[in-house]
Peer 1: 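One structure coming up, written as structure tokens, with questions to follow.
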Number of protein chains: 2
Amino acid sequence: MDGVKKYPVPTIRRLPLYLRVIREMAEKGRTAVSATDIANALNFDSIKVRKDLAYTQVTGKPRVGYQIQELINGIRAIIGWDRNAPAVLIGAGNLGSALMGFPGFAKRGLNFVAAFDNNPAKVGQEIHGRKVYALTDLERYIEDNHIEVAVLTIPAFAAQEVADRLAKCGIRGIWNFSQLKLKVPAGMVVQNENLVSGLAVFMVRLATGCSEE
Amino acid sequence: MDGVKKYPVPTIRRLPLYLRVIREMAEKGRTAVSATDIANALNFDSIKVRKDLAYTQVTGKPRVGYQIQELINGIRAIIGWDRNAPAVLIGAGNLGSALMGFPGFAKRGLNFVAAFDNNPAKVGQEIHGRKVYALTDLERYIEDNHIEVAVLTIPAFAAQEVADRLAKCGIRGIWNFSQLKLKVPAGMVVQNENLVSGLAVFMVRLATGCSEE
DNA sequence: TAGATTGTTAATCGATTAACAATC
DNA sequence: TAGATTGTTAATCGATTAACAATC
């Protein structure tokens, strides 16, 4: 642990992209990769890649590049994919089912262990191997199983009430897919994943024909 | 039209949030709103809000604020929610179904008209009211119906091939939910929506206990 | 060796925040 | 009027890009 190391958010967002690229190269049998190689694969500036990789503290060799395995370990360590965070899903609708059905999350340290919904038709069923519980069982389950992470895929009108309940039973982080800006106690992490903001950017770029992102 | 007006991406991402807040206020019967009001609702700095709102060219009155209706129109005009972009969905899996089932998109100018999938069990069925076609019918449908927008919710390994086909039949913009960085001809708009990057940021914030976003 | 690539320092660029006069 | 709020200019902050010496 290096105390309060601070990684820039844009860098964090790019690290998974690098990981994918160098994994592909590893599969082709390569053991080293240069920042230029990665940059080319992603249409990035190689200086940016080099600077991002410096955060891993992996050191490369001029004319050779970085050892792929070291880099994979270094990136995984930063973005938390060596951890295992058991998580509950709240709101077993279309989006919630999609998230639970995506095998990539468990591989990346986020492990759905149960789902909650207030639709009686769903309670008791299984979705992608996770049992759906009634929303009334939320606190009991979280406390019994020492869950610290929740993923919120419920409509905006119900989100704040659920967030309040989560804050009271030990949840430390909420990945929030609802459209509502949640009010939570200090120290709690809320990460808003905002598809509607993404759509807005897309529509503006379509209108202006702007092809850079 | 003001020629090549350029809006900062962070501003574009916030505009939908403002829209939601002022709509809620309008529903409560208010007709004017100050930048401070909006900022408080979202935990933003009011200067930032004021500067963002300036892009709408709506002008406010000191001590009063902005007329809500003017602001709604101004924001909608920028983020393209008064347009109607018919779109095809490619990949009718969990995520694709979730996106088609979200009523918010049509209201915001993105209108799914058909889905495509190469799973024969899905072809011919309807998902959230949209018919699912075979992937082989892609070009014919797009050309016959003059579609310009595609939403990609297929696995990475198949994404580039589909993107190549889309580029050849008149698609101008791809909202890309696959994990692959697509190579497309110049002038084509690709908007990557990267859930895995979002997860990375979330995991890092969880690990460091950083509550600001 | 020669030259590609690293690591790092400096310059640029853009977004956020601060300051403040104008105004209703 | 007094004071809250706008609109705008200036200052700060952080990320990207450029430059370049070190090195394998």
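Residue numbering restarts at 1 for every chain, and letters A, B, ... go by the order of the sequence lines. Both backbone and side-chain heavy atoms feed into the values below; hydrogens, waters and symmetry mates do not.
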Peer 1: State the pairing partner of C:dC20; accept Watson-Crick or G-U wobble contacts with both distances under 3.5 Å, and report none otherwise.
Peer 2: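 Looking at the geometry, C:dC20 pairs with D:dG7.
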
Peer 1: More 5' along DNA chain D: A:Pro10 or A:Val64, using each one's nearest nucleotide?
Peer 2: A:Pro10

Peer 1: Does OP1 or OP2 of D:dT16 have a side-chain N or O of A:Arg14 closer than 4.0 Å?
Peer 2: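 Answer yes for this pair, as a side-chain N or O of A:Arg14 is under 4.0 Å from OP1 or OP2.
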
Peer 1: Between B:Phe105 and B:Trp175, is the ring centroid distance below 6.0 Å?
Peer 2: yes

Peer 1: Measure across A:Glu193 and B:Asn194 and return the closest heavy-atom pair with its distance rounded to 0.1 Å.
Peer 2: OE2-O, 4.4 Å

Peer 1: A:Asp52 CG to D:dG14 P: how many Å, rounded?
Peer 2: 17 Å

Peer 1: Between atom OH in A:Tyr55 and atom C1' in C:dT8, what is the gap in whole Å?
Peer 2: 13 Å

Peer 1: Kindly say if A:Arg50 contacts the phosphate of C:dG7, meaning a side-chain N or O under 4.0 Å from OP1 or OP2.
Peer 2: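 Answer no for this pair, as no side-chain N or O of A:Arg50 is under 4.0 Å from OP1 or OP2.
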
Peer 1: Does A:Tyr66 make a side-chain N or O approach to OP1 or OP2 of C:dG7 shorter than 4.0 Å?
Peer 2: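 For C:dG7, OP1 or OP2 has a side-chain N or O of A:Tyr66 closer than 4.0 Å.
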
Peer 1: Verify the contact: side-chain N or O of A:Thr59 to OP1 or OP2 of C:dT6, cut-off strictly under 4.0 Å; return yes or no.
Peer 2: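 For C:dT6, neither OP1 nor OP2 has a side-chain N or O of A:Thr59 closer than 4.0 Å.
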
Peer 1: Which nucleotide in the list D:dT5, D:dC24, D:dA18 gets nearest to the side chain of B:Pro62?
Peer 2: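 Within the option list, the nearest is D:dT5.
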
Peer 1: Rounding to an integer number of Å, can you tell me how far B:Arg63 CZ sits from C:dC24 P?
Peer 2: 13 Å

Peer 1: Between B:Glu70 (CD) and D:dT6 (P), how many Å, whole number?
Peer 2: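 Interatomic distance, CD of B:Glu70 to P of D:dT6: 14 Å.
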
Peer 1: For a quick check, tell me whether the side chain of B:Lys61 and the base of C:dT23 share a donor-acceptor pair closer than 3.5 Å.
Peer 2: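 A donor-acceptor contact between them is absent.
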
Peer 1: Establish, yes or no, whether the cationic atom of A:Arg108 lies under 6.0 Å from the six-membered ring centre of A:Trp81 and within 45° of the ring axis.
Peer 2: yes

Peer 1: Between B:Asp117 and B:Gly93, what is the shortest heavy-atom contact and its length?
Peer 2: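 So the minimum-distance heavy-atom pair works out to OD2-N, 4.0 Å.
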
Peer 1: For the pair made of CG in B:Leu53 and P in D:dT5, what is the distance, rounded to whole Å?
Peer 2: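 In whole Å, D:dT5 P and B:Leu53 CG are 14 Å from each other.
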
Peer 1: Separation of A:Lys51 atom NZ from C:dT12 atom C1', in whole Å?
Peer 2: 12 Å

Peer 1: Can you tell me how far C1' of D:dA4 sits from CG of B:Asn40, to the nearest Å?
Peer 2: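 Rounded to whole Å, this separation is 13 Å.
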
Peer 1: If we call it a pair only when both distances are under 3.5 Å in a Watson-Crick or G-U wobble match, what pairs with C:dT12?
Peer 2: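 The answer is D:dA15, by the H-bond criterion.
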
Peer 1: Give the minimum heavy-atom separation between B:Leu42 and A:Lys181, together with the two atoms involved.
Peer 2: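 Heavy atoms only, the tightest pair is O-CE, 3.1 Å.
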
Peer 1: Tell me: CG of A:Asp37 to P of C:dT5, nearest whole Å?
Peer 2: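 From A:Asp37 CG to C:dT5 P: 7 Å.
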
Peer 1: If each of A:Lys48 and B:Ile47 is mapped to the nucleotide of DNA chain D with the nearest heavy atom, which maps nearer the 5' terminus, i.e. the 5' end?
Peer 2: B:Ile47

